[in-house]
Amino acid sequence: YGRIEEFIPSAYAAGQKSQVYTNAPPGLFFPGDAGIPKAGTTGDYNDFAPRAGFAYDVTGKGRTSIRGGVGMFYNTRVTGNINNPVVDLNPFAESVAFTAPQAPFSNPLQGTVSPFPATFPAPGSKFAPPPANAAFTAPTVTYTFSPNQKFLVPVTYSWNLALEHQFGWDLMTRAAYVGSHAIHQVEEQELNPSYYIPGSSLGPDQRRLMFPGYSEIAMAAEDLNMSYNALQLSLKKRMSSKLSVDANYTFAKSLDDFPSSANATFSNAATPDNSALPWFSPNRHSFDDGPSNFNITHRFVASYVYDLPRLTGRPGWLRAVAGGW
C-alpha cells in the first residue's frame with residue numbers, strides 16, 4: 001500500500017522535499033516521488049545458485065571414499081525486518097515523540113501541532129493513503145533502504161571435502177574440511193547517531209548532529225561478512241557387541257565484522273546495530289572484525305546405545321528390573 005519511505009542524505013543537504021507528503025522533513029521521500037521505487041528498493045534477478053558435488057571410491061572396494069561439494073545458498077524474505085516498522089511511523093501511523101518536553105504532563109501537546117484524532121479506514125476496507133498534508137512532528141524517526149543500490153540478497157558460499165574409510169563391517173571414520181563465506185549480510189546502520197558531549201545533559205535526540213530534525217535513521221545495508229573454517233572428525237560404530245557409537249569432534253573458527261550488538265541470525269530494525277565507528281568512516285568495520293559471538297573453537301559431541309544383558313537364567317524380578325535396558 002505504498003507504506004515505504006527512503007531517506008537520501010544528499011537530498012537533505014540540498015533541502016529537497018517530498019512532493020507526495022509535503023510536510024515531510026528534507027531528504028525523506030516516498031513512492032510517487034521521482035526516483036523512489038514502489039517497494040522502497042529494487043530486487044536483483046541475477047541470483048544464480050549453482051551447486052556441485054562428487055563421490056569417488058578410491059580403491060574400488062567400497063571401503064574408502066573421497067567426497068566433496070560446493071554451492072551458493074541465498075537467504076529469503078529478510079526485508080520484513082526493515083520495512084515492517086515503517087507502518088508505525090508518520091505519516092502512516094500518527095505519532096509524536098518528545099525529548100525533554102517543555103509542556104506540562106497534564107497537557108504534553110501544548111505548543112505542538114497535534115496529529116490527533118488519527119483517521120484510519122473503516123475495518124475491512126482497503127488501506128487509504130494519508131493526506132498529502134499529513135503532519136510530521138520533529139524529531140522524525142525513519143527506517144530506510146539504501147538509496148545508492150538495489151537490495152543485495154545475502155548469499156553464502158559453502159564447500160567441503162571429506163575422506164571416509166570403513167573398518168570391518170561396523171566401524172566408519174571420517175575426516176572433513178568444511179568452509180563457508182557469507183556476504184551481503186543485513187545490517188541496520190544508524191545514520192544519525194547521538195554524539196557524546198562531555199558534561200552535557202542534553203537528550204540523545206538533541207545530540208544527533210548529522211541530520212537535525214531527525215531522531216533515529218535506521219538504514220538497511222547489506223555490507224556484513226562472515227567466514228567459517230573447520231576440521232571435523234567423526235567415528236561411527238554400528239550396533240555390534242550390544243554397542244553403537246556416534247562421536248564427532250570439531251575444531252573450528254568463525255569470523256565476522258558484525259557490530260557487537262548484531263546477531264548473525266536476526267536483525268532488529270528497531271535497534272540499529274551501532275559500530276564503534278560511524279557509517280561514513282573509511283574501514284568503519286575495522287573495530288568489529290573478530291570471532292563471531294557464537295564461535296566455539298573445540299566441540300565434542302558423542303551419543304551411544306548400549307544394550308544391557310537380559311540376565312537370562314537370573315531370577316524373574318531381577319530380569320524385570322535390570323535386564324534388557
Side-chain angles (χ1 to χ4, degrees), residues 1-41 79-103 105 107-123 125-147 188-194 202-221 267-272:
Y1 300 122
R3 290 179 283 189
I4 289 293
E5 60 188 19
E6 186 171 287
F7 177 77
I8 304 178
S10 60
Y12 176 91
Q16 298 173 358
K17 300 188 65 174
S18 170
Q19 300 301 306
V20 175
Y21 297 108
T22 55
N23 289 325
L28 188 59
F29 300 93
F30 304 85
D33 284 316
I36 303 302
K38 181 179 180 180
T41 186
T79 58
N81 291 333
I82 297 98
N83 61 19
N84 281 344
V86 176
V87 303
D88 295 327
L89 305 179
N90 295 101
F92 310 115
E94 286 87 343
S95 63
V96 179
F98 289 110
T99 300
Q102 303 301 313
F105 186 77
N107 184 19
L109 286 175
Q110 179 178 308
T112 300
V113 177
S114 174
F116 306 112
T119 303
F120 294 96
S125 66
K126 186 176 180 180
F127 175 81
N133 63 347
F136 285 77
T137 303
T140 300
V141 179
T142 298
Y143 297 108
T144 178
F145 290 103
S146 172
E188 280 76 52
Q189 295 180 10
E190 175 56 77
L191 301 187
N192 200 25
S194 294
L202 296 176
D205 283 337
Q206 295 167 306
R207 290 183 284 107
R208 298 184 190 272
L209 307 181
M210 289 291 299
F211 303 106
Y214 282 88
S215 179
E216 175 185 309
I217 303 177
M219 186 185 77
S267 286
N268 183 3
T271 55

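Residues E188 and E216 fail the side-chain proximity criterion, which asks for heavy atoms closer than 4.5 Å. At least one side-chain heavy atom of T142 sits less than 4.5 Å from a side-chain heavy atom of E5. Between F211 and P25 there is no side-chain heavy-atom pair separated by less than 4.5 Å.
Partners of S215 according to the side chain to side chain donor-acceptor pair (under 3.5 Å) rule, which considers only residues two or more places apart in sequence or in another chain, are D205. Residues passing the side chain to side chain donor-acceptor pair (under 3.5 Å) test with N90, sequence neighbours excluded: S95. The side chain to side chain contact (heavy atoms under 4.5 Å, CB included) test applied to A221 returns Q189, M219, D223, not counting sequence neighbours. With sequence neighbours left out, L209 forms a side chain to side chain contact (heavy atoms under 4.5 Å, CB included) with Y195.
Listed by first then second residue, pairs satisfying side-chain hydrogen bond (donor to acceptor under 3.5 Å, both in side chains) with a partner in residues 8-23 read S18-D33, not counting sequence neighbours.
From R208, atom CZ reaches atom CG of L191 across 11.0 Å, with rounding to the nearest 0.5 Å. Taking CZ of F7 as the start and CZ of F29 as the end, the distance is 9.0 Å to the nearest 0.5 Å.
In terms of heavy atoms, Y143 sits closest to L89 at CD1-CD1, 3.2 Å. Of all non-hydrogen atoms in A220 and F145, the two that sit nearest each other are CB-CD2, 4.1 Å.
For the side chain to side chain contact (heavy atoms under 4.5 Å, CB included) with I8, the lone residue among S146, P147, P26 that qualifies is P147.
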